Amino acid sequence: MSSTSQKHKDFVAEPMGEKTVMALAGIGEVLGKRLEEKGFDKAYVVLGQFLVLKKDEELFRDWLKDTCGANVKQQGDCYGCLKEWCDAFL
Amino acid sequence: MPFEEDPAYLSKSRLKSDLVAHNVALPPAASKKEIYVELHLKHIDQRNAADFSSDEEDLVPDVADREEDPDHTEIPDPRTLTDDELKAALLHHGVKAGPIVGTTRAVYEKKLKKLLQPDESGKVNGAEKAVVYSDSEEEEEEEVEEEEQKADGEEEVEESVCTESEKQTAEQTDLAKQESSQAKLPYQNGSFPYLQCFMPSSRLHARPTSNRESKSKWNSRNAVKSSERSRSRCKEIPVGISRASSVDQHSGLGSGVPSGSQSVMSNGCSSFSSQAFSITQMVKEMESRSLISSSTDADRELNVSNVQEHRSQPIRPPQEPMKDIIKEIFPETGTTPTGIHATRRRPIKGAAQRPVQYGYPATPVSPATLERREMERRRVPIRIQILVFLIMACILYFIYVNLEDICVVLLDSLNQGFDSEDGYSLQAETEDTQVVSGQD
């Protein structure tokens with residue numbers, strides 16, 4: 001199992017509130033900008049997409065890749081981050 | 001389906017199953033065979049027919065779409081399906097889809113496409129997504145032809161493993177070679193190659209991974225008894241078994257398959273392919289193969305410690321860390337020809353003419369237990385303690401009740417004892433007692 005990054009830990013530690021999309025693990029400046037252009041300007045919107053895809057890993061990864069061009073590692077980080085957040089707070 | 005066969009020559013049940021397989025609604029159960037034949041001709045033999053009449057009432061909307069769409073003569077284009085149909089199609093493939101909304105539609109369409117392709121060609125999911133995405137449409141066309149069992153279509157397809165291989169043994173070499181070039185990608189998925197090993201020897205099926213398509217692929221392959229592929233994978237079994245770590249097995253096996261040694265090893269393995277699955281035979285196989293391989297290819301030396309090394313080059317880098325890990329875990333183990341390392345078990349004391357040389361305690365006892373036993377031996381039992389306590393309580397009660405009388409008795413005895421001595425103190429005492437008794 002890969003260890004989680006600081007960003008991941010910070011995100012999962014508390015309710016996301018109005019955090020931007022860049023607060024998600026795996027989503028940096030470039031990807032964040034692309035997501036925002038597509039309309040996913042807040043982390044909770046991406047969460048919404050994650051939930052609509054029924055928290056399915058494959059589908060979410062595909063979606064992320066298609067939407068902002070995330071690579072495998074970034075997809076995995078983002079998925080893991082959201083999943084853990086959901087486990088803790090949802 | 002052999003492509004020579006005319007639907008009219010197929011049995012009714014066969015026609016029915018073909019229609020179901022192609023997602024066509026069946027006519028009422030009591031229909032004549034002619035109706036089935038008609039439907040079969042219309043839906044399944046579309047590619048052959050340039051045009052056909054569309055007057056049947058059972059025409060599924062997908063079929064109409066198929067007609068119109070030039071790219072997908074056989075497969076319904078997910079883009080043309082409605083949300084409900086897309087959901088139904090996904091469900092048909094066993095995927096429980098969530099809500100299909102604007103943002104999710106694209107994802108589900110892609111998923112359906114992916115599912116449809118492996119249905120026909122037995123393509124592996126996962127690492128081959130890149131391939132799928134790049135030439136999805138062209139491949140679908142070719143796979144469509146394939147389904148008709150046309151020999152032309154097969155060779156063009158990159159992964160054509162499904163039903164053709166069952167029937168046409170001549171194609172196996174081609175397929176194997178094609179597959180070997182393509183197979184490098186899927187075998188990065190660790191669990192996948194491992195399963196192939198057990199194909200020829202047993203009916204073990206793929207683990208319930210998300211690749212349902214691979215399952216159908218394995219089913220078709222199971223039918224192939226004497227394929228080179230099965231032989232080449234067969235050889236990986238002893239290697240896999242001899243290693244302690246399953247992770248190593250997966251990667252080792254995966255890299256072994258596409259190494260292209262199939263034709264070379266087929267001779268060596270042919271004698272073993274039909275044998276039962278037993279470890280002793282595999283050990284022999286390994287040893288014999290080690291002789292063969294050393295002569296053919298230096299890399300193929302089946303020295304177990306170097307198992308991972310003689311896998312194909314692309315897979316080599318990922319093998320290194322795992323090989324090192326094994327060496328770390330078992331640093332003392334030397335290399336053995338069979339690769340089986342067994343550690344000597346501690347002899348059972350007292351069994352099989354092995355005398356008990358050292359005195360083992362009868363039962364293992366912890367120091368705390370020993371302490372407790374000591375303590376309890378020295379303590380007075382609780383019951384006796386309670387008894388003594390009750391006796392003392394009774395004595396004190398009697399003293400309390402009969403205080404006066406006792407005092408009088410005691411004082412008398414004291415008086416007698418101290419007669420010669422200080423009479424004043426005695427008198428004081430008697431006064432005190434009188435006061436005390438007065439108060440009572």
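Chain A is the first sequence line, chain B the second, and so forth, proteins listed ahead of strands; every chain is numbered from 1. Scope of the values below: all heavy atoms of this structure, side chains included, with no hydrogens, waters or symmetry mates. This is a predicted model, so every value here is computed, not measured.
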When rounded to the nearest 0.5 angstrom, what is the spacing between CG in A:Leu53 and OG1 in B:Thr103? 7.0 Å
For the NZ atom on A:Lys83, are there more than 12 heavy atoms of other groups (residues, nucleotides or ligands in this structure) within a distance under 6.0 Å? no
So, A:Asp56 and B:Lys96, do they make that salt bridge, N to O below 4.0 Å? no
State plainly whether the residues A:Glu58 and B:Lys110 are in salt-bridge range, i.e. N to O under 4.0 Å. no
Minimum side-chain heavy-atom gap B:Lys114-A:Asp62 below 4.5 Å: yes
